[in-house]
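Each chain gets a letter, A, B and so on, in the order the sequences are listed, and its residues count up from 1.
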Protein chains: 2
Amino acid sequence: MIKVSKETEYALICLVKFVQDNNKYSARELAEYFNIPFELLAKILQKLSQNGILRSIHGPQGGYMFEKPAHSINLGRLLQILENPVETVSCLTHRNCRQSKKCNIRQNMEHIHHVVNDYFFSLTLEDFIARKSAAIGDR
Amino acid sequence: MIKVSKETEYALICLVKFVQDNNKYSARELAEYFNIPFELLAKILQKLSQNGILRSIHGPQGGYMFEKPAHSINLGRLLQILENPVETVSCLTHRNCRQSKKCNIRQNMEHIHHVVNDYFFSLTLEDFIARKSAAIGDR
DNA sequence: CTATATACGACTAAAAATCTCGTATATAAC
DNA sequence: GTTATATACGAGATTTTTAGTCGTATATAG
């Protein structure tokens, strides 16, 4: 079906909100505002802070805020954190599928994976919000 | 997880084989050669012939062969046939998700979807095999 | 007529994504 | 120092999607 997970959607929705308001929000505030399951969103925000995207503040009046500016947050990196893994085709990680002996598409799929992946890595969160896009392909 | 389905993998494996050998093969031959579940592959090949990619021949000595040359078979079209649908983000088809009222990423996701989709539509099966990639992007 | 092939819908099984629960830890406010 | 509010994190349940199977019908070469 080729689509990003709800986790990635939820993460992007919140990150865009952080950019728009330049503010600190708790997981509960964001979950209620966007109607996202709280426990799920909490784990997503934890992942983002574990990976240096957000800074977390414990205790009352705590919450999350940006660790670094939107133009230094990379979209490819976000997918890497949230999509475990981005692979485009399963044989890129599971080398021993039932077709591996006679597989005739692995390198071709890998090439496409790189093109698409490079595209995501060429975009920052700022680009995502501005709907800018560097050129894809030309490898 | 962002990857193509087994159906797409199996289809590409067989299509590449058709190109390499320029031959006619039955579903059973291909299933045995590539170690793909026969019934599943049969349905995939049926989809491809329903959509004008392959020609099917009934009866003994029957099977499948190309309906048109590899350079006129489009990768985006193949995904369209096999991935039902290619959407990148779920809100593109399910407009009423729980966040729809306050969603702040739909148009941004749509933009990315178009860039990636256009890339796939810029490639033919021949390009896929040659690992070429046309440049698109810059939208 | 028979063997071999495609056509196609319904069903089951397996895998993955999504969501929930329980418990631990940190800290601001009082 | 107690309490209320927040993050941290692993385990488990549920739902959805994908992958694979089964049964039956139809076409056709020999």
Candidates C:dC19, D:dT7, D:dG20 - which lies nearest the side chain of A:Ser26: D:dT7

Rounded interatomic separation in angstrom, taking CD1 from B:Ile44 and P from D:dT21: 12 Å

N/O donor-acceptor pair under 3.5 Å between A:Asn117 side chain and A:His114 backbone: no

Nucleotide nearest B:Ser56 (side chain, heavy atoms from C-beta), chosen from D:dA8, C:dT6, D:dT5: C:dT6

Separation of D:dT28 C1' from B:Tyr64 OH (nearest whole Å): 15 Å

Euclidean distance, atom CG of residue A:Leu45 to atom P of D:dT5 [Å, nearest integer]: 20 Å

Separation of D:dT18 P from B:Leu82 CG (nearest whole Å): 13 Å

Sidechain N-carboxylate O distance under 4.0 Å for A:Glu7, A:Lys47: yes

Shortest side-chain distance from A:Pro60, nucleotide among D:dT7, D:dA4, C:dC19: D:dA4

Heavy-atom pair of closest approach, residues A:Gln107 and B:Arg131: OE1-NH2, 3.1 Å

Considering all heavy atoms, the nearest A:Phe66-A:Phe18 contact: CE1-CB, 3.1 Å

Interatomic distance where CD belongs to B:Glu39 and P belongs to C:dA13 [whole Å]: 15 Å

Of A:Pro37 and B:Gly62, the one whose closest DNA chain C nucleotide lies more 5': B:Gly62

Distance, rounded to the nearest Å, where B:Asn51 contributes CG and C:dA7 contributes P: 12 Å

Candidates D:dA27, D:dT7, D:dG20 - which lies nearest the side chain of B:His58: D:dA27

Phosphate OP1/OP2 of C:dC19: any A:Tyr10 side-chain N/O under 4.0 Å: yes

Gap between atoms CD1 and C1', on B:Ile36 and D:dT21 respectively (whole Å): 16 Å

Closest-nucleotide ordering on DNA chain C, the 5'-leading residue of A:Glu7 and A:Gln61: A:Glu7

Under-3.5 Å donor-acceptor pair between B:Lys43 side chain and D:dT21 base: yes

Selected nucleotide, minimal atom distance to A:Gln46 side chain, candidates C:dC19, D:dC9, D:dG20: D:dC9

Rounded distance in Å - CG (B:Leu40) to P (C:dC11): 19 Å

Sugar-phosphate, base or nothing in reach of A:Ala27, heavy atoms under 4.0 Å: sugar-phosphate

Side-chain N,O (B:Gln50) to OP1/OP2 (C:dC8) below 4.0 Å: yes

Polar contact flag, side-chain donor to acceptor under 3.5 angstrom, B:Glu83-B:Ser5: yes

